[in-house]
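Note on naming: letters A, B, ... go to the chains in the order of the sequence lines (proteins, then strands), and numbering restarts at 1 for each one. This structure is a prediction, so every number in the text was calculated from the model and none was measured. Below, each value reflects all heavy atoms present in this structure, side chains not excepted, and no hydrogens, waters or symmetry copies.
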Number of protein chains: 2
Amino acid sequence: MPLPRQCQGAMMSDPVRPADDEARTLARGLMALGHAALAWTDPETGTPGISRVAFARDPEAGLLTLVSGLAPHFRALRENPDCALMLGEVGAKGDPMTHPRLMIRACAGFVAPEDPARLGIRARWLERNPKAQVYIDLPDFAFVRLTPLTALLNAGFGRAFHLTPQDL
Amino acid sequence: MPLPRQCQGAMMSDPVRPADDEARTLARGLMALGHAALAWTDPETGTPGISRVAFARDPEAGLLTLVSGLAPHFRALRENPDCALMLGEVGAKGDPMTHPRLMIRACAGFVAPEDPARLGIRARWLERNPKAQVYIDLPDFAFVRLTPLTALLNAGFGRAFHLTPQDL
């Protein structure tokens, strides 16, 4: 049954709700995916760039990626730490726009090789992804903390939620 | 068998190759996916934003998306047409970083409701996605042409290709 006109109007004017427990649980699930799309600003042109990145929600260090010095976003994040992540896969079936995805605005901070937190970050990363052993210690690879600023969960048509850093 | 040292060195210094037929075929396959991650610049903050968008490679109009006026990238692309797309899904198995993805730097151009090309664009969009019938004619929805500028195909570890707009 369609919503009364006044309710549709209300939904149109403020379509995004505050997070509830269901939204937080869904967001945590998306953060367990192991990869994300990362939007960054190209330091040469000032225009948007995009990359796939490895991703983890580390229990101590928070949101993380591991970046190769060969990747275009390595230099971009060094010069401009503002970035945005999107997490969520689209299954084989149905409208891709109805599958949930989590968008996070974040600030990137490189973890220095001598940072005392790095050993724990490295050990937990390898637990989740043993194949990273091959490159994790190469001198041009770096862990990057992605400190969340705001987040939006789009859980399907008409189901969008604002999330705070604490919700993540 | 590992590559000789000088070959590894050569690969490191210029890891991205010009497109070949295999790369073009793979890129075309990724463009058939029906959705993409879109990176854009937030007009209020000047920082990166990211969204999932519906996507099609239209045989006449080129690369396209259909955008709702409620989506944050609608206003962003109106104010700053520079954007970047990423196409490619990660399967359930293996390292997400080895699955192919196509990154396209593009310039967004809104298709006006009175544009004579719109009728054909609309008909072909509905052929691919009949469910869009529900919203395709809503007054706040618009088709947006994504004119490619450059593209990078990452086909897995050590297999990256530059693509030109003609390759797409």
Side-chain angles (χ1 to χ4, degrees), chain A residues 11-12 15-16 33-42 45-55 66 68-72 76 80-92 94-101 103-107 129 131-132 134-135 140 149 152 154 157-158 160, chain B residues 11-12 15-16 33-42 45-55 66 68-72 76 80-92 94-101 103-107 129 131-132 134-135 140 149 152 154 157-158 160:
Chain A
M11 206 172 74
M12 294 284 283
V16 185
L33 268 177
H35 61 95
L38 182 76
W40 38 273
T41 301
D42 185 322
T45 60
T47 60
I50 193 163
S51 311
R52 181 180 295 156
V53 295
F55 175 84
L66 176 64
S68 156
L70 287 176
N80 188 342
D82 289 301
C83 58
L85 291 152
M86 184 167 70
L87 297 131
E89 282 284 280
V90 174
D95 186 332
M97 304 306 284
T98 63
H99 289 257
R101 60 272 191 192
M103 281 69 68
I104 305 172
R105 305 267 185 124
C107 185
N129 184 5
K131 289 181 181 171
V134 182
Y135 49 80
D140 67 331
L149 306 173
L152 177 72
N154 189 324
F157 213 64
Chain B
M11 208 171 71
M12 293 285 282
V16 184
L33 268 177
H35 62 95
L38 181 77
W40 38 274
T41 301
D42 185 322
T45 61
T47 60
I50 193 164
S51 311
R52 181 180 295 156
V53 294
F55 175 86
L66 175 64
S68 155
L70 287 176
N80 189 341
D82 289 301
C83 58
L85 290 152
M86 184 166 71
L87 296 132
E89 283 283 277
V90 172
D95 186 332
M97 304 307 285
T98 64
H99 289 255
R101 61 272 190 191
M103 280 70 65
I104 305 173
R105 304 267 185 126
C107 186
N129 184 5
K131 289 181 182 173
V134 182
Y135 49 81
D140 66 332
L149 307 172
L152 177 72
N154 190 325
F157 213 64

Please flag which part of Arg105(B) lies under 4.5 Å from any non-hydrogen atom of chain A: side chain, backbone, both or neither.
side chain
Considering non-hydrogen atoms only, spot the tightest contact between Ala36(A) and Leu85(A) and give its length.
CB-CD2, 3.8 Å
For chain A, which candidate among Met103(B), Arg52(B), Met86(B) shows the most heavy-atom pairs at distances under 4.5 Å?
Arg52(B)
Got a second to check how far Ile50(B)'s CD1 is from Leu152(A)'s CG, nearest 0.5 Å?
12.0 Å
Decide yes or no on side-chain contact (heavy atoms from CB on, under 4.5 Å) for Phe55(B) and Leu38(B), but give the supporting numbers first.
CA-CA 10 Å; Phe55(B) 175 86; Leu38(B) 181 77; over 6 Å; no
Side chain from CB out, backbone as N, CA, C, O: work out which of these in Asp42(A) comes under 4.5 Å of a heavy atom of chain B, or both, or neither.
side chain
In terms of heavy-atom pairs under 4.5 Å with chain B, which of Cys83(A), Gly46(A), Gly34(A) leads?
Cys83(A)
Quick one: which of Ala160(A), Pro100(A), Ala132(A) has the most heavy-atom pairs under 4.5 Å with chain B, could you say?
Pro100(A)
Heavy-atom contact with chain A under 4.5 Å, split by part of Ile104(B):
neither
Identify which part of Ser51(A) has an atom lying under 4.5 Å from any heavy atom of chain B, answering side chain, backbone, both or neither.
backbone
Report the option among Thr45(B), Thr47(B), Thr41(B) that has the most heavy-atom pairs separated by less than 4.5 Å from atoms of chain A.
Thr47(B)
Rounded at 0.5 Å granularity, tell me how far CG in Asp82(A) sits from CH2 in Trp40(A).
14.5 Å
In terms of heavy-atom pairs under 4.5 Å with chain B, which of Met97(A), Lys131(A), Glu89(A) leads?
Glu89(A)
Just so I understand: if I count every heavy-atom pair under 4.5 Å between each of Ala39(A), Pro48(A), Ala84(A) and chain B, which residue has the most?
Pro48(A)
